[in-house]
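For reference, the structure is listed below as structure tokens.
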Amino acid sequence: MRGTLARLAALAVLLYLFFLGLELMQLAFKLFGKGFAETLIETTSNPFLGLFVGVLATSLVQSSSSTTSMTVAMVSAGALTIEGAIPIIMGANIGTSVTNTIVSLAHVSRPEEFRRAFAGATVHDFFNWMAVLVLFPLELTFGLLARSSALLSGWLQGAGGMPLFNPLRAVVKPVAGWISEGLQSSGALTLVVGVGLLFFALRYLVVFLRRILSGKAEELLHRTLFRSAAAAVLAGIAITVMVQSSSITTSILVPLIAAGVVTLEQAFPFTLGANIGTTVTALLASLSLGSPTALTVAFAHLMFNMSGGALIYGIPPVRKIPLALARWMGDVAVRSRTLAVSYVLIVFFGIPLLLLLLSGSFSASPEPAATDEAREVGYSEPARERRAKGV
């Protein structure tokens, strides 16, 4: 009995260090690039570039909730249109998976763990890319998300929003803030400490998870959270709503996959639930702003995640594609650790940054707020001028 209690106490400490490391890592990225991310969102109107702005901005601040909330606020203020915001929201979905992919790198010294962890992290990446490949062209051509979201927002106009209490942030955020202040709010030092805590916690977390979640405990986990795809989706939604971060929810999953406690097939629907759960933050933000356009964008985020899940996971042959690609990436990562790190740097930072540099987006000045007439037709005057020039 004492041994079990000691292991549970050790697990609790390791989980706290894991969450603290994640919080410090996200805080460091925000110190590096939050203002830069806001500028990017404000100055980009081309939908294709907007998609990669969403990827880069979310990779920089390590939180799709932050990106979508910023986007919703900008739409409410008239600095961004609905049509300009939806591609950014789609890109944010891709960018949010960078956190759990980075977390999987902590298993790099243990090949079999790393294979499973990297596959478990990248199944989220591949699903999000596939959802964008399917829904982005449909949105550009028919405006499906914008139209359906506008209809939904019409039903909720006038409703008020309220903040959700986040118990995890309540115990982790103050400590992360104190550590960062002690490091003189240095983004680099905060990142080093955060990554160090993350890697240390994960080094022993897998060992404790194997000991505790064995036999009856593992059976219980499979009979509850992962007893079916529907249960896993609901668990992903519920946990993400509680912690208000899909990055944290999916990152929790990585050591479970690495330890072999949860399979890739069980993890996949859980990540879909996390994608849906993360839309709650933007919905609450839009309700509190009382702006119909902001509410439309928040609903577009929800509709995108639900539609992507239905189209990809709901069709068994299509469902196998991200699973197969993730397993292949796990094999590639084990054969070459350099390629695994390069994948993270190139996909989440390199390609979006290169495209934005080539487009000249960084030299653009922030757009003035759209006029009422421009908002009615969907684009601000500067945005329409740039569209006519093909920017």
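Side chain of Asn128 to backbone of Asn93: a donor-acceptor contact under 3.5 angstrom is found. For the pair Thr278 (side chain) and Ala274 (backbone), a donor-acceptor distance under 3.5 Å is absent. Side-chain N or O atoms of Thr71 include one that pairs as donor or acceptor with a backbone N or O of Thr67 at under 3.5 Å. For the pair Ser228 (side chain) and Ala231 (backbone), a donor-acceptor distance under 3.5 Å is present.
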Could you go through the side-chain contact (heavy atoms from CB on, under 4.5 Å) check for Met329 and Asp125 one step at a time?
CA-CA 11 Å; Met329 276 302 296; Asp125 304 3; over 6 Å; no
Quiz prompt | Trace of the side-chain contact (heavy atoms from CB on, under 4.5 Å) decision for His107 with Val254 | solution = CA-CA 10 Å; His107 300 275; Val254 170; 4.1 Å; yes
Practice task
Output, in order, the C-alpha distance, side-chain angles, deciding distance and verdict of side-chain contact (heavy atoms from CB on, under 4.5 Å) for Leu151 and Phe299.
Solution key: CA-CA 10 Å; Leu151 182 64; Phe299 268 123; over 6 Å; no
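Here the CE-OG1 distance, from Met242 to Thr249, works out to 8.5 Å after rounding to the nearest 0.5 Å. How far CE of Met90 is from CG of Asn305: 10.0 Å, rounded to the nearest 0.5 Å. Atom CD1 of Ile276 and atom OG1 of Thr271 lie 10.0 Å apart (nearest 0.5 Å). For the atom pair CZ of Phe348 and OG1 of Thr96, the computed distance is 9.5 Å after rounding to the nearest 0.5 Å. Here the CD1-CZ distance, from Ile89 to Phe304, works out to 10.0 Å after rounding to the nearest 0.5 Å. From Met306, atom CE reaches atom OG of Ser148 across 11.0 Å, with rounding to the nearest 0.5 Å.
When every heavy atom of Ser64 is checked against every heavy atom of Ser246, the shortest pair comes out as OG-OG, 3.8 Å. Here the closest heavy-atom approach between residue Pro87 and residue Phe136 is recorded as CB-CE1, 3.9 Å. Shown here for Ala117 and Ala258, the closest heavy-atom pair between the two residues is CB-CB, 3.9 Å. Glu139 and Ala146 get closest at one heavy-atom pair: OE2-N, 3.3 Å. The minimum heavy-atom distance between Val261 and Gln266, with the atom names listed, is O-OE1, 4.2 Å. The shortest non-hydrogen separation linking Pro352 to Leu56 is CB-CB, 3.8 Å.
Hydrophobic cluster membership is shared by Trp129 and Val332, with clusters built from Ile, Leu, Val, Met, Phe, Trp and Tyr side chains linked at under 4.5 angstrom. In the hydrophobic clustering of this structure, Leu105 groups with Ile346; members are Ile, Leu, Val, Met, Phe, Trp, Tyr whose side-chain heavy atoms approach within less than 4.5 Å, directly or through other members. Leu234 and Leu272 end up in different hydrophobic clusters when Ile, Leu, Val, Met, Phe, Trp and Tyr side chains are linked at under 4.5 Å. Under the 4.5 Å side-chain heavy-atom criterion for grouping Ile, Leu, Val, Met, Phe, Trp and Tyr, Leu49 is connected to Ile351 within one hydrophobic cluster. Note on Leu198 and Trp178: same hydrophobic cluster, where clusters join Ile, Leu, Val, Met, Phe, Trp and Tyr whose side-chain heavy atoms are under 4.5 Å apart, directly or indirectly.
Evaluated for a side-chain contact (heavy atoms from CB on, under 4.5 Å) with Val280, the options Val241, Thr240, Leu302, Ile237 yield exactly one hit, Val241.
Residues passing the salt bridge (Lys or Arg N to Asp or Glu O under 4.0 Å) test with Arg227: none are found, sequence neighbours excluded. Taking the salt bridge (Lys or Arg N to Asp or Glu O under 4.0 Å) definition, one finds that Arg319 meets it with nothing, sequence neighbours left out.
Ring planes of Tyr313 and Phe268: perpendicular class, angle over 60° (limits at 30 and 60°). Between Phe118 and Tyr343, the ring planes lie perpendicular to each other; the angle is over 60°, past the 30° to 60° tilted range.
In this structure, a donor-acceptor pair under 3.5 Å is absent between the side chains of Ser149 and Thr296.
Residues Ser97 and Phe127 fail the side-chain proximity criterion, which asks for heavy atoms closer than 4.5 Å. At a threshold of 4.5 Å between non-hydrogen side-chain atoms, the residues Pro111 and Arg337 count as touching. Residues Phe19 and Ile252 form a side-chain contact, since some pair of their non-hydrogen atoms from C-beta on lies under 4.5 Å apart. Contact check for Val344 versus Ile102: side-chain heavy atoms found under the 4.5 Å cut-off. Under the 4.5 Å side-chain criterion, counting only non-hydrogen atoms from C-beta, Leu253 is not in contact with His124. Ile239 is listed as a side-chain neighbour of Phe270, based on a closest heavy-atom distance under 4.5 Å. At least one side-chain heavy atom of Leu24 sits less than 4.5 Å from a side-chain heavy atom of Ile179. Side-chain atoms of Val262 and Leu225, non-hydrogen and from C-beta on, never get closer than 4.5 Å to each other.
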